[in-house]
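Keep in mind that this is a model prediction, so the values were computed, not measured.
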Amino acid sequence: MAKITLKDDISCLKRAVRIWHSYAPRYWTFAVIQRILQRVSAYFSLTMSALLLDEISGAKEKDRLILFACLTVLGGFLFSVVTRVMQMKTEVLDSQNYYRYSQILFDENCRLQYEHLENPDVRLLSERIDATTRTIYGGLMQVLYSVPNLIDGLTELILSLSLTAAALFATASGQFTGILKGINSPCSAALMLLLIAAFSFLTAKLRVSRQSRENDARNEISLTSRRYAAYGRLWGSDMAVFNLHRIVLDEHKKYTLHPPWLQKIRKIGLVFGALDVPKDAAMQILIHLYVAAKAFCGAFGIGSFVLYEGAIDRFVGAIDNLVTGFTEIRFNTGYLQTTYEFFDLPNKMYQGTLAVEKRDDLDYEIEFKDVSFRYPRTESWALRHISMKFKIGDKIAIVGENGSGKSTFIKLLCRLYDPTEGRIYLNGIDITRYRYNEYLSLFSVVFQEFQLLAFSLGDNVSAGFGYDGKRARDCLVRAGMGEKLNDLDKKAKEEGKSALDYCMGREYDIEGIDFSGGEEQKTALARALYKEAPFVILDEPTASLDPLAEAAVYENFNKISKDRTSVFISHRLSSCRFCERILVFDQGQIVQDGSHEELYAGEGKYKELWNAQAGYYSNT
């Protein structure tokens, strides 16, 4: 891994601030103002107390005492009110930041090219970012607190340094001998500044060393978090049947009750704490004695002495806090670089500029011309020399054994991937020349692993909010959900709402409705109908059903899809025999093309598969 430079720190931090500013523009304003006000308020109180003490121990003028007392009370009240308002606004905004962070990651995931979603390296990268955030609040979440802390430390240092320097360089009038003469000399003040600089350098070195060792230990937390999250996905029937909870529980105890990383961090804290405490104490004692000697010589009064003593305590603390802040930023840079690596994944899909023609007659023609494809990071061909065409209204079945290239063909058709070789044309024009989203709008696909969300039934059918209720109901009825809708209507009438308003599942809504697997499949089919796309594709969404049930679903969908081009994918040949045209895939190639009667009449892969499947069902 390349060494991280100061330039990297600044660049990563600036980008993180810009990202957060675009999602939470007001947070920085309130957080920074609050930190500055807190520090200024403390020094205001300290300064006014010093002025009151000087006046009490000096001239004791009544008017000045009243003025200082009023300023102290009024100023303290105003600072308190404004600081509290800023703090409340910051806390409200801060409570929303984790959700904003989720939104940032969600937006970046939506931007990803489909290829990255199937890339295990990208998934691992995403899991590393998630684990870092959950376990040590590293990456973008760390910036939310490190920047205000840095501003806080800088403000404290500037205010305390000015007062500390005033205390060090203050001189008393008169003649002094011996050690008091040296203390009252500017040379001694310069020497004290050199000691402070050396103290700051030593603090920085120790802090960097400590942070480095703690970060190594915390990396184990990130790994443990990812492992435990993987075990968490096993909850369910497998856990009960195989008693897998024992493994999860053992791992949980190992890494949470007596974790090695925690022992390391404790040991590191003890070692460096043993160095920090005497170091800080020695520095404070030395400066306090020096300032006390200055006060003894008469360089300043008792009020200023109290002011300088307080400033010195804060100055030593400010150095430690500022070094800690810079160190946190330095070590967070590595986590930010990991985050940006994910954000900067390239989208290599060519974004065309041509608009897809909107045709009322749906007269579209798709042509594959000598198309070959292999997945990224593989050497074997998933598809090889595919040439075929189909037009609107065709009812096409794509059949073949598992791994023969059926789903890959659909991914290329929907332009989730671009061909490695060859071209795909829409009405004679290369599909890469069309605007990407407009081309995608031509297809409505029900994949084998379709996804339904924990939203309302109507939202799921329309794939969005603000749906047409009549149209959604019509699609559900056509997909075979009429009986379910009637049952929901009866329940909805009692509760004063529509059947489409019920949430799918009870994950987020206790009043939600649980749907069976078959009902979910029909809902996915209704969603495909609702889109009213020219091309409708069923990529084995019914693979979990028995052959007869799958055949019934396919035949019914063939009827209700009307004049749309329909593509049916299945490894069960009996489910697609009704199609006018059947493409037989084998080892990434189309080896046969024709109707069921034509293909079965001759010799070839189709007849081989048909007889094998027919024999299996007759034997069982």
Side-chain angles (χ1 to χ4, degrees), residues 102-103 105-120 122-123 126-127 130 229-230 232-237 349 402 406-417 436-437 439-467 471-472 475-476 478-481 484 488 500-509 512-533 535-545 549-550 553-554 557 561 566-570:
S102 298
Q103 181 67 49
L105 294 185
F106 182 78
D107 289 346
E108 291 298 327
N109 272 290
C110 291
R111 182 196 58 80
L112 285 181
Q113 182 180 340
Y114 185 81
E115 170 190 332
H116 297 316
L117 299 178
E118 294 194 326
N119 185 342
V122 173
R123 288 199 297 270
S126 177
E127 288 173 5
D130 179 62
R233 288 192 289 269
L234 294 174
W235 292 111
S237 55
M349 299 289 284
N402 290 333
K406 304 186 299 296
S407 291
T408 301
F409 175 82
I410 297 303
K411 290 176 182 177
L412 293 182
L413 174 62
C414 296
R415 214 189 158 206
L416 299 180
Y417 288 95
Y436 187 70
N437 288 333
Y439 179 77
L440 284 181
S441 69
L442 296 176
F443 300 93
S444 190
V445 188
V446 185
F447 290 102
Q448 181 173 343
E449 297 179 357
F450 59 85
Q451 298 291 324
L452 296 175
L453 305 176
F455 293 151
S456 73
L457 177 59
D459 292 332
N460 274 284
V461 172
S462 66
F465 301 118
Y467 56 86
R471 181 173 152 197
C475 292
L476 283 165
R478 288 162 59 194
M481 284 281 283
K484 182 70 174 182
L488 290 178
L500 299 176
D501 294 334
Y502 284 109
C503 184
M504 295 195 69
R506 303 174 187 270
E507 186 176 3
Y508 300 111
D509 185 354
I513 302 298
D514 291 322
F515 286 72
S516 67
E519 290 169 343
E520 289 182 346
Q521 289 165 347
K522 291 174 183 177
T523 303
L525 294 174
R527 181 169 63 188
L529 292 172
Y530 187 93
K531 188 176 180 181
E532 294 185 342
F535 298 93
V536 183
I537 302 168
L538 271 62
D539 186 4
E540 297 193 274
T542 54
S544 60
L545 300 180
E550 181 184 70
V553 170
Y554 274 27
F557 196 82
S561 59
S566 301
V567 180
F568 302 88
I569 301 175
S570 180

Where is the tightest heavy-atom contact between Asn460 and Phe455, given as atom of each residue plus distance?
-> ND2-O, 3.4 Å
Does Glu108 come within less than 4.0 Å of Arg111, counting only side-chain N to carboxylate O?
-> yes
Any donor-acceptor N or O pair under 3.5 Å, side chains Asn119, Glu115 | no
How many angstroms lie between atom CD of Glu519 and atom NZ of Lys484, to the nearest 0.5 angstrom?
-> 4.0 Å
Any donor-acceptor pair under 3.5 Å from Ser462 side chain to Tyr467 backbone | no
Is there a donor-acceptor contact under 3.5 Å from the side chain of Arg471 to the main chain of Tyr530?
-> yes
Under 3.5 Å, side chain of Ser126 to main-chain N/O of Val122, donor-acceptor pair present?
-> no
Is there side-chain contact between Phe568 and Ser566, with at least one heavy-atom pair below 4.5 Å?
-> yes
Are Cys414 and Ile537 side-chain neighbours, meaning at least one heavy-atom pair lies under 4.5 Å?
-> yes
Between CZ of Phe535 and OG of Ser444, what distance do you get to the nearest 0.5 Å?
-> 12.5 Å
Does Arg415 count as lying over the ring of Tyr436, i.e. NZ or CZ under 6.0 Å from the six-ring centre, within 45 degrees of the axis?
-> no
Do you know the tightest heavy-atom contact between Leu525 and Ala479?
-> CB-CB, 4.2 Å
Find out whether Met504 and Leu453 are in side-chain contact, i.e. whether some heavy atom of one side chain is under 4.5 Å from a heavy atom of the other.
-> no
Before accepting this row, confirm whether a basic side-chain N of the pair Glu118/Lys411 lies closer than 4.0 Å to the acidic partner's carboxylate O.
-> yes
In Å and rounded to the nearest 0.5 Å, what is the CG to CZ distance from Leu413 to Phe443?
-> 4.0 Å
Atom CD1 in Ile569, atom CZ in Phe447: separation rounded to 0.5 Å?
-> 8.5 Å
Can you measure from CD1 (Ile513) to CG (Leu457) and round to the nearest 0.5 angstrom?
-> 10.0 Å
OG on Ser407 to CG on Leu412, rounded to 0.5 Å | 11.0 Å
Between the side chain of Lys522 and the main-chain N/O of Leu476, is any donor-acceptor distance below 3.5 Å?
-> no
